[in-house]
Every structure is written in C-alpha cells, then in structure tokens.
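Heads up: the structure comes next, in structure tokens.
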Amino acid sequence: MYDAVSSALPLAGRGVNAKKALVVISDGNDTNSRTEIRDLKEQIRQSDLLVYAVGIDSEGERVVQRAPMPPRAPIPLPLP
C-alpha cells in the first residue's frame with residue numbers, strides 16, 4: 001500500500017487543477033511495501049496534495065495493528 005501511494009503522489013501532482021487530492025481506500029494493512037511509513041509521510045508533507053484515507057474492514061479478516069508513531073508537528077493545511 002505504501003509503495004502504491006508513493007507512486008501515485010507524482011501522478012496526482014501533475015493534475016491541471018490548483019487543488020489536488022488523493023483518496024486511498026484500504027484495509028490499512030501494508031503487507032510488502034519497500035517504502036517506509038516515515039518516508040511516505042514526508043513525501044506527502046512535501047507535496048501539495050491532500051491525502052484522504054478511507055478505511056474498510058470486512059468481518060472475518062484479521063486486522064494487524066501497528067505500534068503508534070511518536071507525535072510529529074501537525075501538517076500545515078494549504079492556504080486558499
């Protein structure tokens with residue numbers, strides 16, 4: 001999942017509208033990405049994209065929880 005989002009950031013950034021967004025629909029489990037979550041968060045911060053995450057979960061599937069990340073400075077919202 002992290003690799004897919006990392007690859008989508010430049011593609012979404014080439015859009016023609018001033019405001020750009022990326023919507024990620026996932027169960028939240030990353031099983032095989034080479035991109036680390038810290039690196040992905042930094043890429044998102046450096047982009048002008050708004051990233052929205054929609055979590056899905058189906059009954060019967062095991063959800064793996066990751067340890068919480070230490071708090072970081074809030075991501076500034078783009079100005080109009």
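All residue numbers refer to positions in the sequence shown, counting from 1. Note that the structure is predicted; figures quoted are calculated from it, not measured.
Rounding to the nearest 0.5 Å places CG of N32 at 12.5 Å from OH of Y2. A distance of 12.0 Å separates CD of E42 from CD1 of I37, quoted to the nearest 0.5 Å. Atom CG of L22 sits about 7.5 Å away from atom CD1 of I44, to the nearest 0.5 Å.
Closest approach of M1 to S26, counting heavy atoms only: SD-OG, 2.9 Å. Shown here for S7 and P10, the closest heavy-atom pair between the two residues is O-CD, 3.4 Å. A pairwise comparison of heavy atoms in S6 and Q43 identifies OG-OE1, 2.8 Å as the closest pair.
Annotation: salt bridge (Lys or Arg N to Asp or Glu O under 4.0 Å) contacts of E36 (sequence neighbours excluded): none. Legend: residues meeting side chain to side chain donor-acceptor pair (under 3.5 Å) with T35, ordered by chain and number and at least two apart, are D3. Here S47 pairs with nothing under the side chain to side chain donor-acceptor pair (under 3.5 Å) rule; sequence neighbours left out.
Under a hydrophobic clustering in which Ile, Leu, Val, Met, Phe, Trp and Tyr are joined whenever their side-chain heavy atoms come within less than 4.5 Å, directly or via other members, I56 and V23 fall into the same cluster.
By the 4.5 Å heavy-atom criterion applied to side chains, L9 and V51 are counted as neighbours.
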